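For reference, the structure is listed below as structure tokens.
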Amino acid sequence: MTTTAPMRLVRERTATPLTVLMCRPTHFTVSYSINPWMEPENPTDTARALSQWSELRRVFERLGFTIEEVAPGESLPDMVFAANGGLVVDGKAYTAKFTHAERAPEAGLYADWFRAAGLEVVDAVETNEGEGDVLLIGDVLFAGTGFRTDTSSHDEMARVFGREVVSLRLIRPDFYHLDTALAVLDATPGQEHIAYLPSAFDDASRAELERRFPDAILVDEHDAKVFGLNAVSDGLHVITAARATAFQHQLREAGYEPIGVDLTELLLAGGGAKCCTLVLRDRTAESADPATASSMSTASSTPTTEENR
Ligand code: ARG
């Protein structure tokens, strides 16, 4: 079903509340530098990070998301960036294996949470930073490489999930994870829609994105740099950086309802809304018949909740 806007067709967007895993930034700070955003000599404000993160959580709550929390590890200041904790598709969790020693211990804490939640856990052999570098769009996994995640893990996750994996090469150090340069707006098979920053990708990857997503929203440099693309979408509401105003306009034109959040404190570590969010996809919602998948709610489906708090 479509509604007509002047000179263009806008698809009717529908919300499917997500089930997500988050990690409170109790120990957030910038004490080392593993990306160009991180400047340990500049002070950070943990209380401010906590209140900004809590606001993001409240937005998710208002949208009806099911929110799980993993306990933050002491001396792991980046653990708030839950997207890097693994990749959960079809009720199966593929663990992270971090590039940098500073974050390496996070992988085990996330894996423990997955196990306690009753997910089938597959321990990664190859280096990968979870959903920060791997996005499910339709039935296909799009996997970033260039800075963190190794292409050998792309092969590994193709085997683990039995899905097509498309490798995308990132070339700009300030957009070092795939989810900083590409936002999934609608992951529903058959109506896939994304937004991205073309200059973040090498020529071959850009050509692949153009071929697969001819109607993608191309985001400008300013909005990408305020981490507008580090966005979470339920198919209708798109939670993005408050300062990404042109992107929000583009989203409205395309039928979405953008919600701007201020996560500037977390940006001092090179993270935004999506980085704080790991989507937990259960078996039924993702591997169901595509004809019925879009109407299926994921809200009640994670086999987890209360016990493992
Ligand atoms: N400081 C963290 C790092 O460099 C930020 C991670 C951001 N996460 C993401 N999914 N993009 O690893």
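This structure is a prediction, so every number in the text was calculated from the model and none was measured. In what follows, residues are counted from 1 in the order of the sequence shown. Both counts, for ligands and for their atoms, begin at 1 and track the order of listing.
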**Prompt:** Where does the angle between the aromatic ring planes of Phe161 and Tyr94 fall among parallel (under 30°), tilted (30 to 60°) and perpendicular (over 60°)?
**Reply:**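 Aromatic pair Phe161/Tyr94 classed perpendicular.
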
**Asked** Taking the inter-plane angle between the rings of His193 and Tyr256 on a 0 to 90° scale, is it parallel (under 30°), tilted (30 to 60°) or perpendicular (over 60°)?
**Response**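 Geometry flag for Tyr256 against His193: parallel rings.
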
For [X], counting its heavy atoms only, list the atoms of ligand 1 lying under 4.0 Å from any of them.
{"X": "Gly270", "answer": "5 (C), 7 (C)"}
{"X": "Met38", "answer": "1 (N)"}
{"X": "Phe81", "answer": "2 (C), 5 (C), 6 (C), 7 (C), 8 (N)"}
{"X": "Ala83", "answer": "10 (N)"}
{"X": "Arg103", "answer": "2 (C), 3 (C), 6 (C), 12 (O)"}
{"X": "Gly132", "answer": "10 (N)"}

Of the side chain and backbone of [X], name the one, both, or neither that has a heavy atom under 4.0 Å from an atom of ligand 1.
{"X": "Glu131", "answer": "neither"}
{"X": "Lys274", "answer": "neither"}
{"X": "Cys275", "answer": "both"}

**Request:** Please determine, by modelled atom types, if Arg48 and Thr264 share a side-chain donor-acceptor pair under 3.5 angstrom.
**Result:**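 Judged by distance alone, the side chains do pair up.
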
**Request:** Compute whether any side-chain donor of one residue and acceptor of the other, for Thr99 and Glu129, lie under 3.5 angstrom apart.
**Result:**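 Yes - a donor-acceptor pair under 3.5 Å links their side chains.
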
**Message:** So for Arg148, does at least one of its heavy atoms come nearer than 4.0 angstrom to any atom of ligand 1?
**Reply:**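 Judged by the 4.0 Å heavy-atom criterion, Arg148 does count as contacting ligand 1.
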
**Asked** Among the heavy atoms of Tyr176, does any lie under 4.0 Å from an atom of ligand 1?
**Response**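 Yes, Tyr176 has a heavy atom closer than 4.0 Å to ligand 1.
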
Can you check whether [X] has an N/O within less than 3.5 Å of an N/O in ligand 1?
{"X": "Thr180", "value": "no"}
{"X": "Asn230", "value": "no"}
{"X": "Ala269", "value": "yes"}
{"X": "His177", "value": "yes"}

Salt-bridge criterion met for [X] and [Y] (N-O under 4.0 Å):
{"X": "Arg58", "Y": "Glu61", "result": "no"}
{"X": "Asp234", "Y": "Arg13", "result": "no"}
{"X": "Asp90", "Y": "Lys92", "result": "no"}
{"X": "Asp186", "Y": "Arg11", "result": "no"}
{"X": "Lys97", "Y": "Glu156", "result": "no"}

**Asked** With sequence neighbours left out, what residues match Arg169 under salt bridge (charged side-chain N to carboxylate O under 4.0 Å, His left out)?
**Response**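 Result, salt bridge (charged side-chain N to carboxylate O under 4.0 Å, His left out) vs Arg169: none returned.
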
**For atom 10 (N) of ligand 1, closest protein heavy-atom neighbour** =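 That would be Asp179 OD2, 2.8 Å.
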
